[in-house]
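Structure in structure tokens, see below.
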Amino acid sequence: MSVFTEEVESKPDMFRKLIEKSSDVTIVTDRDFKIRYISSSSSKIFGKESIHMLGSSVFELVGTNNSACWDTFLVSASKSKSQDLVLQIDGEEKFFTAYLTNLFDDHIISGLVIKLHDITKSKIREKALIDSSKHLDQVFYKTTHDLIAPIRSMMGLVTLAENSVEEKRAEYLLLIRKSLVKLDGFIEEMNDFFKGERLEIKRERIDLKSLIQSEVDSLRTLHNSSSIDIEIDFDKQVDFFSDLFRIKTILTNLISNSLKYLDSSKEKSFLKLNVLVNEKEAIFRIQDNGIGIEQQYLKKIFDQFFRATVHSYGNGIGLFIVKDTIERLNGRINVTSTFGKGTTFEVTIPNQSILTV
Ligand code: ADP
């Protein structure tokens, strides 16, 4: 018997605790829209202690800049309903699902119960997903376009080769080979890009010295740039931890550009690589005395499919991937260039030496 009594007595307390502990805001008003109860979680949203809101009109709760949507939500309540609301709070947009129920006393409305559930985090995630899907649509559209162009030109070359004499045919075959090599490079780049978009960021110990050396060696062979002076200066104070695949993507693109855009009119071409690793970060400086980039294009080189020179061998996707990858690693990139003299890229990537949970 006593158990039964205790249970009954403790229920209102239990519900009050549940409401108070919840991050959702619960508001009860009387029929004149005066606040009779407001849970303490409201102070985080409205910036006032709940006790100071008691007795005031529920219309005044959200501030004048939000009054239009708030008033419409409150007055259009003929029956229980829920609605998503956007409120400006301290200059920030906050998203809520708002629930409204009428309180009845003898079939007459005696007040309202309002519940606000903060959905800002999921709205931000939803927006990021929509942005990323739009972005992938653009990449897909441009990619298919960039794939079609060389295929069409190769089809034209095949027709020419079929109808030409032996000597001419060899020339056309060479042009077809060049197009195929370009296409192959482009598909590989796009493959890396899509892989980078999907893969989780890893934390692994990276042997930067051997990574850079092997990248330099293979890119040098690929671009046939044996005559270029390559100097690597390495200052490693501690081990470097980051995502190997992404670090490789960044360095490959930047080193490869320095080799692609060298200035053949110069007596000696060089590429200087400076790497400094400390507890906090790794700083990579990639400096060349190549053709340089015109000032007016400098800001655009990280845009997708932008080429700053007619001598571009690529598709203008490399630096876009570099920037995107650096952002994913919470790093920074800076470029300085003098047209005709050379270009320097400086990349800073946080060292994940301390495991963050
Ligand atoms: P691409 O595939 O055309 O090389 P990127 O996105 O890698 O595309 O680079 C964009 C443009 O920036 C290039 O077309 C080129 O004009 C310019 N660029 C990039 N790196 C260098 C560099 N080291 N020296 C001179 N120009 C460069």
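Only this structure's heavy atoms are used, side chains among them; waters, hydrogens and symmetry mates stay out. Counting convention: from 1, in listed order, for ligands and their atoms alike.
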Task: Other cluster members, Leu199 - Ile/Leu/Val/Met/Phe/Trp/Tyr, side-chain contacts below 4.5 Å - done: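 Same cluster as Leu199: Phe245.
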Task: Sub-4.0 Å heavy-atom approach of Asp288 to ligand 1 - done: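 Under 4.0 Å: yes for Asp288.
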Task: Ligand-residue contact atoms, ligand 1 with Lys260, heavy atoms, under 4.0 Å - done: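 What qualifies from ligand 1 is 1 (P), 2 (O), 4 (O).
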- [ ] Indicate yes or no: at least one non-hydrogen side-chain atom of Thr143 is less than 4.5 angstrom from one of Phe186.
- [x]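 The answer is yes; the side chains approach within 4.5 Å.
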TODO: Indicate, as side chain, backbone, both or neither, the part of Leu319 found under 4.0 angstrom from ligand 1 when only non-hydrogen atoms are considered.
DONE: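 The part of Leu319 near ligand 1 is both the backbone and the side chain.
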Task: Any residue meeting side-chain hydrogen bond (donor to acceptor under 3.5 Å, both in side chains) with Lys123, in chain and number order, not counting sequence neighbours - done: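 Per chain and number, Lys123 pairs via side-chain hydrogen bond (donor to acceptor under 3.5 Å, both in side chains) with no residue.
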Open item on the list: When you measure from the heavy atoms of Gly292 to every atom of ligand 1, does any distance fall below 4.0 Å?
Closed with: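 Contact check Gly292 vs ligand 1: positive.
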TODO: Determine, for Asp243 against Lys202, whether the closest basic-nitrogen to carboxylate-oxygen distance falls under 4.0 angstrom.
DONE: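 Salt bridge: no.
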Task: Contacting atoms of ligand 1, where contact means under 4.0 angstrom from a heavy atom of Ile317 - done: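 With Ile317 as reference, the close atoms of ligand 1 come out as 6 (O), 8 (O).
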Task: Salt-bridge contact Lys134-Asp137 (side-chain N to carboxylate O under 4.0 Å) - done: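 The answer is no: the pair does not qualify as a salt bridge.
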